[in-house]
Structure formats: C-alpha cells, structure tokens
2 protein chains.
Amino acid sequence: MAVTIKDVAKAANVAPSTVSRVIADSPRISENTKRKVRTIMEELGYHPNFIARSLASQSTQTLGIVFPNSGNISFQNPFFSEVLRGISEGVNDKHYTLQLTSGKTEDEIYNDVVNMVQGRRVDGIILLYSKKDDKVVDYLRQKKFPFVLIGKPYEDQEQITHVDNDNISAGRDGTKYLLGLGHERIGFIGGNKNLMVTADRLAGYKKALIENQIPIKEEYITHDEFLLEGGQQAIKELMHLSQPPTALLVTDELMALGVLKTVHALGYNVPDNLSIISFNNALFAELATPPLTSIDINIFDLGMEAVKNLILKLENPKEPIKRIIIPHSIIVRKSCERGSHNY
Amino acid sequence: MAVTIKDVAKAANVAPSTVSRVIADSPRISENTKRKVRTIMEELGYHPNFIARSLASQSTQTLGIVFPNSGNISFQNPFFSEVLRGISEGVNDKHYTLQLTSGKTEDEIYNDVVNMVQGRRVDGIILLYSKKDDKVVDYLRQKKFPFVLIGKPYEDQEQITHVDNDNISAGRDGTKYLLGLGHERIGFIGGNKNLMVTADRLAGYKKALIENQIPIKEEYITHDEFLLEGGQQAIKELMHLSQPPTALLVTDELMALGVLKTVHALGYNVPDNLSIISFNNALFAELATPPLTSIDINIFDLGMEAVKNLILKLENPKEPIKRIIIPHSIIVRKSCERGSHNY
DNA sequence: TTGTAAGCGTTATCAA
DNA sequence: TTGATAACGCTTACAA
C-alpha cells in the first residue's frame with residue numbers, strides 16, 4: 001500500500017540498500033545518485049517506516065516517561081505539565097519521541113515499564129518522581145536499562161544518573177527566610193512522606209531551625225497527602241494548637257492553595273497574621289490571592305536536563321553516572337510578613 | 001540477545017508459529033501445548049518484542065496525542081493534564097499506549113503528526129484542540145487516517161468524529177446565570193479567537209443577551225490571549241469604561257485567575273462589586289479566593305470518550321462518524337453576587 | 001492441531 | 001560507489 005524503500009529503489013534503478021544509504025545521508029554515495037534518489041522519493045511521496053527501521057536498527061528513538069499514578073488527582077499538579085514541557089522541548093530538538101505510562105496503581109505502572117523495556121518500545125526512560133522502595137527503579141537497574149531519574153534516588157545515589165534540586169538547601173532557605181522575618185513558630189506542611197522531595201525539604205526545614213537554636217516541635221510538622229478535604233483537617237488541628245505557628249512552609253504549590261483556602265476559612269489573614277511560603281513557583285503562585293512567595297525550582301530545566309543527559313547516555317554508553325543539580329531561588333511576593341505577631 | 005520466539009519454540013519443541021499462537025491465545029492450539037509453551041516462556045523469561053509484532057501485524061496499539069504548542073505557557077493550563085488523565089485511563093483499560101507530539105510551532109506539530117502517520121508509529125490520533133484552518137486536520141482527512149477531535153471541528157462537522165461540550169449552551173447558561181442574578185452589564189473575556197471553543201462560548205453569550213433583549217456591546221467583549229501581562233491591559237480598559245461591567249464571563253479558569261488578580265489590583269471586590277463566572281472547573285476553581293463559580297465541562301470524560309471512540313473506530317473501520325456531547329453543569333461557589341450594584 | 005515459509009520495511013554485512 | 005542478501009522478531013497463509 002504505502003510506498004516503500006523497494007518502490008523507490010525500483011523507480012530509481014538502484015538497490016534498496018542504496019536508497020537506505022541515501023536516507024542516512026551516507027558519505028559513501030555519490031552526490032549524483034543521492035540527488036536522483038531524492039527526487040524519486042519526493043515524486044513518490046516516500047516516507048520511511050519507523051517501525052521497520054526500529055526493528056532493523058534495534059533502536060526506537062523513543063523515550064518512555066513514567067508518571068506516578070496518572071489516575072490520581074495529584075497528576076493535576078502543574079509540576080507535571082511543566083516538566084513535560086521541558087522534556088518536550090528537549091526531545092524535539094533531538095528528534096526523539098515520547099511515550100507515556102498510563103497506569104494508575106503501582107503495579108500497573110510497573111507493568112507499563114516492563115512492557116516498554118522488554119517490548120523494546122523505548123530506548124531509555126525518564127522517571128518523573130523518586131520515592132522510597134520503588135520497584136521500577138530496581139527493575140531498571142537490574143536490567144541495566146538506561147534511565148534518568150528526576151529527583152533524588154532513594155539509595156545508591158552515586159549509581160543513578162539523576163536531575164534534582166538541592167531540596168535540603170531549598171527547604172533550609174525557605175525556613176531561613178521566614179526566620180529572617182522574625183518568625184519562630186514555623187509550621188511545615190509536606191506532601192507524601194515517601195517522596196524524596198518531601199523528605200529533603202523537611203530535612204532542610206529542621207536544619208534551619210537547629211542552626212537557629214529553635215527547638216523542633218513535632219506537632220508543627222504535618223503531611224497533607226489528601227490535598228483537599230483531608231488536608232483541611234490537619235491544618236485545622238495545626239492552627240488550633242495553643243501556640244499555633246505564625247508562618248508556614250508548604251512543600252507544594254497546589255497544597256499551598258488548599259492551605260490558603262483553609263486558613264482563610266479559619267479567619268486568618270495572609271500575610272498579616274500568618275505567613276506562607278511555598279515551593280515550585282508554578283504559574284498560579286503568581287495568580288493566587290495573595291500572590292505566593294515561592295521557591296522557584298526551575299521545573300522546566302529539570303525536564304530539559306533529564307532528556308539531555310539521557311540522550312547523552314544513549315549515544316555514548318560509557319557516559320559516566322551524573323548528578324545534575326538545578327539551582328533554586330526565592331521569588332518574593334506577598335504571602336509573607338514580618339513576625340512575630342500575637343493573636 | 002534477548003530471548004525470542006524461536007528460542008521458546010526450540011526449547012518447547014514446537015514451531016515458532018505455534019508459540020505465536022499461544023501468545024495470541026488462539027483456540028486452534030491444544031490446552032496441552034499451550035500449557036507447555038507457557039511454562040517454557042516463563043522459564044526463559046520470554047517477552048514479545050512489540051516492534052517486531054507491530055511490523056508483522058501492521059498495527060502498533062499506540063495512539064498519538066496532539067497538543068497545541070507544548071512550548072507555550074498555555075500548556076500549563078490544567079485542561080491538558082485533565083484530558084490526559086481521562087485519555088490515560090481509557091488507553092490503560094484497552095492496552096493501548098500513548099505517544100505525544102512535542103512540537104512548539106504549528107509547523108513542528110504538523111511534522112510530528114506526519115511522522116507519526118507516515119512512519120506508521122501510531123494507529124490513530126487524538127487532537128486535543130480544535131481551531132480554524134488547521135493543517136493537521138486537513139492532512140489527516142486527506143490521508144483518511146483514523147482520528148478523533150476534542151472540540152468542535154471548524155468545518156464538515158458531520159464528517160469528523162469529535163467529542164465536545166455544547167459550548168454554545170454552556171456560554172448561554174453562564175450568561176443566563178448572571179442575568180438571573182440581575183446583572184445586565186456583562187463582560188466577556190475569551191481566549192484565542194481561532195479556537196472553536198472560544199467562538200462557541202462567545203456565541204452562547206450573545207445568544208443569551210439577545211434572548212433577554214440586552215444589547216450586545218462590542219466594548220464588553222475582550223480576548224485575553226496573553227494570559228498574564230498582556231491580559232491585564234485589556235481588563236483595565238474594560239473596567240475603566242464609563243459604564244464598566246458588573247459581571248464577567250471568563251472562558252477559562254487560568255485566565256479567570258489572572259482576571260481575579262487584575263481586578264483586585266484595580267480595587268474591585270469579587271463578588272461584592274464584581275461577579276465572575278468561569279469555565280472548566282479545574283481543581284483550582286475551588287482553591288481560588290474567592291472560590292470560583294464555574295461551568296464544569298467534565299474534562300476527564302472528554303478524554304475518556306475520545307479514546308473509547310477512537311478505539312472503536314480502529315477495531316471496526318465501518319464505525320460511523322459520531323458526535324459525542326459531554327454534558328456541562330454550573331458549579332456555584334462564591335464568585336457571583338446579585339446585581340446590579342452601582343459604584 | 002501443528003508446521004513451513006513467506007512476508008512486514010528496514011539496516012547492515014560482504015562482495016563486487 | 002553500489003548491489004545482493006541476510007538479518008531484525010514476529011504474524012499468517014497455506015499445507016500437512
């Protein structure tokens with residue numbers, strides 16, 4: 001049906017292998033035949049069949065992207081659109097293609113990955129998250145399949161190429177910023193505990209407190225995994241302590257919006273009697289009321305660097321393991337005020 | 001290197017074709033050999049090579065997803081995460097796989113599509129947008145390649161299977177809601193004019209006004225394509241009219257957040273002296289301050305139905321052209337108040 | 001019920 | 001500089 005390399009060969013009076021070489025722009029073909037063949041390809045409307053090419057060359061020019069539970073509401077987190085944007089830009093430049101996992105549960109995702117790898121559908125994989133005890137990581141390592149991870153590996157960091165922020169510093173910087181404003185009662189509201197990013201930001205938070213001789217109070221530390229409804233309860237408890245925090249460090253923008261809503265309902269005014277600083281600096285940090293002071297982690301670059309380094313690895317298997325740290329910075333907006341207020 | 005169908009065949013003492021049939025669970029193979037072969041597959045850790053299978057069977061079990069300019073900030077619009085979530089769920093159930101376009105410009109996207117189609121990388125395509133004069137649509141139709149469109153086709157609607165909301169009604173309903181609250185000076189803030197969705201919602205807005213004998217004022221109609229900075233200027237002009245609107249219909253949630261921010265800066269209080277209703281009911285409609293009254297268009301279902309119907313078409317080429325309308329509904333929150341206020 | 005063998009559309013190895 | 005031809009790993013007539 002579709003015109004193949006053979007049709008072109010026949011029409012151009014050359015062998016299929018010659019046509020193949022013209023496609024690859026091999027230097028071993030005379031300019032003359034190249035021209036001739038190209039003309040015919042044009043005339044016949046020839047377009048190479050990628051599947052056939054993949055089979056023959058044992059490479060798909062496709063990267064697999066692994067999402068954490070796409071069925072989950074957390075998929076709505078703009079973090080993913082933004083990394084994907086970075087990744088898109090990266091692959092587009094390099095003429096690679098993207099394939100996604102679609103699993104909802106941990107097992108489905110694992111299967112998606114196995115299918116990608118064993119089915120030889122992709123040349124390499126990018127993991128968009130890093131968590132404790134991830135079967136996917138174990139599998140990939142055991143298969144020695146090329147992948148890069150966005151985030152900090154749970155273990156064996158020196159053996160896994162990854163692109164990450166220095167989230168410990170980021171957590172520390174955010175906390176120090178609040179301390180600098182005079183706050184001493186600072187609450188921490190984190191996402192899923194099993195995610196490395198949450199753990200690191202929490203570690204940074206603690207570090208900053210310790211450095212400033214402020215005792216760490218466990219009751220100031222909350223994990224708001226249930227974004228909307230569930231989260232509210234936790235915040236309420238936090239703000240109903242006899243000594244409630246005067247400032248909050250929230251590890252994720254989407255959560256920060258939820259927190260904002262809850263504390264408003266509780267009668268707080270941000271930033272007048274409660275300061276909030278969040279992470280990621282997604283588009284709507286700027287659009288929130290009040291606009292959120294946020295730690296920009298350059299999500300786009302996270303994605304961009306991930307592809308770059310994965311492709312580097314694919315093109316040169318000897319490429320060393322790397323750790324790429326994307327810088328972060330505080331974007332000051334209107335959600336933080338000087339402490340310490342009494343109320 | 002990897003274990004192939006031949007290895008399994010040899011080890012099981014059968015022909016490769018038999019193994020192939022076992023994989024396909026063909027009824028023409030005895031339970032006995034099936035069992036035997038399956039055991040061997042297990043032992044050898046056999047996994048079919050999808051690329052080879054695709055080449056032989058001329059089908060990839062992969063769907064191509066076409067985004068509008070992923071390089072653009074509008075990609076950050078939660079609409080896309082949410083359709084993607086619906087699509088993911090759909091393909092996962094049916095064991096299809098997803099491949100994305102990564103182009104930034106119209107031409108790059110067009111090329112992405114051509115590569116998917118001519119390169120035989122995908123069996124069908126889902127377009128996540130619908131706009132005026134889209135080369136991609138023309139190409140797909142001319143190639144008679146299976147695709148479904150999310151939104152309303154610019155032309156020949158009876159000839160293109162599409163999944164859409166009744167956006168004219170939706171626009172009308174939103175406007176009627178505001179009229180019902182007593183507003184008569186209602187502004188329309190739409191996105192890109194070339195998008196069918198914008199056009200339809202605008203049409204609905206006009207319809208509602210006409211039905212209520214309210215004259216349409218062109219100066220009340222704005223198109224805020226530049227989301228953040230650019231948009232502000234348009235809103236300012238709108239609100240600085242001698243008779244500014246008392247209510248706003250904003251065709252997109254992300255834009256609504258921007259509008260909210262701008263009118264706040266202008267000294268308005270939503271909803272006390274300005275009402276806002278928006279569309280899409282994305283996660284943060286609920287999280288905005290104030291929570292936005294929004295027209296829920298069931299984005300998830302839009303994606304889900306799109307896959308369903310595309311796969312139907314792939315499995316049965318005679319499947320008729322269809323138009324699927326996903327219902328919408330108004331979710332009342334806190335961004336609208338009774339009109340008409342004077343100020 | 002199973003086997004043989006010819007594709008599927010490329011790439012890549014050897015010769016020429 | 002080019003051409004034959006054998007892979008690549010599977011599916012699918014057609015035979016047996």
Side-chain angles (χ1 to χ4, degrees), chain A residues 1-38 40-41 44-62 95 97 115-123, chain B residues 1-38 40-41 44-62 95 97 115-123:
Chain A
M1 33 199 84
V3 19
T4 75
I5 212 171
K6 286 182 189 168
D7 302 325
V8 177
K10 205 164 294 173
N13 252 313
V14 297
S17 48
T18 302
V19 179
S20 175
R21 290 187 186 109
V22 173
I23 296 170
D25 201 15
S26 158
R28 310 185 343 195
I29 297 287
S30 74
E31 278 308 317
N32 235 318
T33 30
K34 276 190 188 172
R35 229 188 331 272
K36 183 176 65 183
V37 171
R38 287 196 180 117
I40 302 279
M41 296 199 316
L44 267 48
Y46 169 77
H47 195 104
N49 180 319
F50 239 93
I51 300 294
R53 170 182 288 201
S54 296
L55 182 59
S57 64
Q58 302 285 58
S59 113
T60 59
Q61 296 281 107
T62 299
H95 301 293
T97 268
N115 282 327
M116 280 180 172
V117 174
Q118 311 263 45
R120 300 238 141 19
R121 292 158 167 276
V122 300
D123 294 345
Chain B
M1 34 197 82
V3 17
T4 75
I5 213 172
K6 285 183 190 167
D7 301 325
V8 178
K10 204 165 293 173
N13 252 312
V14 297
S17 51
T18 304
V19 178
S20 175
R21 293 189 183 106
V22 173
I23 295 171
D25 201 15
S26 157
R28 312 185 342 195
I29 298 286
S30 75
E31 279 307 319
N32 235 320
T33 29
K34 276 190 187 171
R35 231 189 329 272
K36 185 174 66 181
V37 171
R38 287 195 180 119
I40 303 279
M41 295 199 317
L44 266 48
Y46 170 76
H47 196 103
N49 180 318
F50 240 95
I51 299 294
R53 169 182 289 202
S54 297
L55 183 58
S57 64
Q58 301 283 60
S59 112
T60 58
Q61 297 281 108
T62 299
H95 301 293
T97 269
N115 281 327
M116 281 181 170
V117 173
Q118 312 261 47
R120 300 239 141 17
R121 292 158 167 276
V122 301
D123 293 345

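In what follows, every chain begins at residue 1, and chains take the letters A, B, ... in the order their sequences are listed.
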> Pick the nucleotide of DNA chain C nearest each of B/Ala56 and B/Ala15; which residue has the one closer to the 5' end?
Replying inline: B/Ala15

>> I need the B/Arg120 CZ to B/Thr62 OG1 distance, nearest 0.5 Å.
In response: 14.0 Å

>> Just the rounded figure in Å: distance from P of D/dG9 to CZ of A/Arg120.
In response: 8 Å

> C/dG9 P sits how many Å from A/Asp7 CG, rounded?
Replying inline: 9 Å

>> Measuring from the side chain of A/Tyr46 (C-beta onward, heavy atoms only), which nucleotide among C/dT10, D/dC10, C/dT2 has the closest atom?
In response: C/dT10

> Between D/dG9 and A/Gln58, is there an OP1 or OP2 to side-chain N/O distance shorter than 4.0 Å?
Replying inline: yes

>> Check the phosphate of D/dC10 against B/Ser57, side-chain N and O only, distance under 4.0 Å to OP1 or OP2. Yes or no?
In response: no

> Any idea which heavy atoms bring B/Gly119 and A/Asn49 closest together, and the distance?
Replying inline: O-OD1, 3.8 Å

>> Output the rounded distance in Å from CG (B/Asp25) to P (C/dT1).
In response: 13 Å

>> Let me spell it out: for each of A/Pro27 and A/Pro16, pick the nucleotide of DNA chain D with the closest heavy atom. Which residue's pick is nearer the 5' end?
In response: A/Pro27

> Atom CG of A/Leu55 and atom P of C/dG7: how far apart are they, to the nearest Å?
Replying inline: 17 Å

>> Using a 4.0 Å heavy-atom cut-off, does B/Ser20 contact any base of the nucleic acid, only the sugar-phosphate backbone, or nothing at all?
In response: base

> For A/Ser30 and D/dT1, is the shortest distance between a side-chain N/O and OP1 or OP2 below 4.0 Å?
Replying inline: no

> Reckon B/Val19 touches a base, only the sugar-phosphate, or nothing at all at heavy-atom distances under 4.0 Å?
Replying inline: nothing

> Tell me: CD of B/Gln61 to P of D/dT11, nearest whole Å?
Replying inline: 12 Å

>> So A/Ile29, base contact, sugar-phosphate only, or nothing? Heavy-atom distance under 4.0 Å.
In response: sugar-phosphate

> Taking for each residue the nucleotide of DNA chain C with the nearest heavy atom, is it A/Lys6 or A/Arg28 whose nucleotide lies nearer the 5' end?
Replying inline: A/Lys6

> Can you check the B/Met41 CE to D/dC10 P distance for me, whole Å?
Replying inline: 11 Å

> Between atom CG in A/Asn49 and atom P in C/dG7, what is the gap in whole Å?
Replying inline: 17 Å

>> Counting neighbours of NZ on B/Lys36 that are heavy atoms of other residues, nucleotides or ligands and sit closer than 6.0 Å, is the number greater than 12?
In response: yes

>> Nearest whole Å is fine: how far is D/dC10 C1' from A/Ile51 CD1?
In response: 13 Å

>> Using a heavy-atom cut-off of 4.0 Å across all strands, would you classify B/Arg53 as base, sugar-phosphate, or nothing?
In response: sugar-phosphate

> At under 4.0 Å between heavy atoms, what does A/Ser17 touch on the DNA or RNA strands: base, sugar-phosphate, or nothing?
Replying inline: base

> Considering all heavy atoms of both residues, which atom of A/Thr60 and which atom of A/Ser54 are nearest to each other, and what is their separation?
Replying inline: CA-OG, 3.7 Å

> Distance check: side-chain N/O of B/Thr33 vs OP1/OP2 of C/dT2, anything under 4.0 Å?
Replying inline: yes

> Side chains of B/Ile23 and B/Met41: closer than 4.5 Å at any heavy-atom pair?
Replying inline: yes

> Which heavy atom of A/Leu44 sits nearest a heavy atom of A/Ala11, and at what distance?
Replying inline: CD2-CB, 4.1 Å

> Which part of the nucleic acid does A/Asn13 contact within heavy-atom distance under 4.0 Å: base, sugar-phosphate only, or nothing?
Replying inline: sugar-phosphate

>> Given the structure, check if the side chain of B/Arg21 and the base of D/dT12 hold any donor-acceptor pair shorter than 3.5 Å.
In response: no

